[in-house]
Q: 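A single structure is presented below for examination.
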Amino acid sequence: VHFDPQLFAHVGLHFAEDSRGPMVDGGASLAARPRKWLQLRFDVALVLQAEERASGWTPVIGVQPFFGVGFLL
């Protein structure tokens, strides 16, 4: 099984109901290829975003785990 450790970062905007704002995330990932055509991936990211609320802009910080399965062509 081939294991591939990775670091990642994203910058973007979030849209939720009537709120929009900037967000960034970054973290570590471990991808595994048990077969030539199959990829398994586990990510853990730290997410930071700003939400517009009635009292003004509020920072929101969270941890986002993710598990994915992909098929390679």
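In this text the structure is predicted, and so the values were computed from the model without any measurement.
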Q: What's the shortest heavy-atom distance between D43 and S29, and which atoms?
A: OD1-OG, 2.5 Å
Q: What is the distance from atom CD of Q49 to atom CZ of R20, rounded to the nearest 0.5 Å?
A: 14.0 Å
Q: Among the clusters formed by ILVMFWY side chains lying less than 4.5 Å apart, do V24 and V63 turn up in the same one?
A: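 Yes, V24 connects to V63 through the hydrophobic network.
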Q: Closest approach of V44 and F8, non-hydrogen atoms and distance?
A: O-CZ, 4.1 Å
Q: Examine distances only and state if a side-chain atom of H14 and a backbone atom of A50 form a donor-acceptor pair shorter than 3.5 Å.
A: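 Checking the backbone N and O of A50 against the side chain of H14, a donor-acceptor pair under 3.5 Å is found.
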Q: Taking transitive links into account, so neighbours of neighbours count too, which hydrophobic residues share a cluster with F3 at under 4.5 Å side-chain distance?
A: V1, L30
Q: Return the CZ to CZ distance between R41 and R33, rounded to the nearest 0.5 Å.
A: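 R41 atom CZ to R33 atom CZ measures 10.5 Å (nearest 0.5 Å).
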Q: What is the distance from atom CH2 of W57 to atom CD of E51, rounded to the nearest 0.5 Å?
A: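 Spacing of CH2 (W57) from CD (E51) equals 9.0 Å.
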Q: Flag yes if F42 and F66 sit in one hydrophobic cluster, no otherwise; membership is Ile, Leu, Val, Met, Phe, Trp, Tyr, and two members link when side-chain heavy atoms are under 4.5 Å apart.
A: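 Shared cluster, no.
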Q: Is there a path from V11 to L13 through hydrophobic residues (I, L, V, M, F, W, Y) whose side chains come within less than 4.5 Å of each other?
A: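 They do not share one cluster, since no chain of ILVMFWY contacts under 4.5 Å joins V11 to L13.
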Q: Minimum heavy-atom separation for L72 to K36, with atom names?
A: CD1-O, 3.5 Å
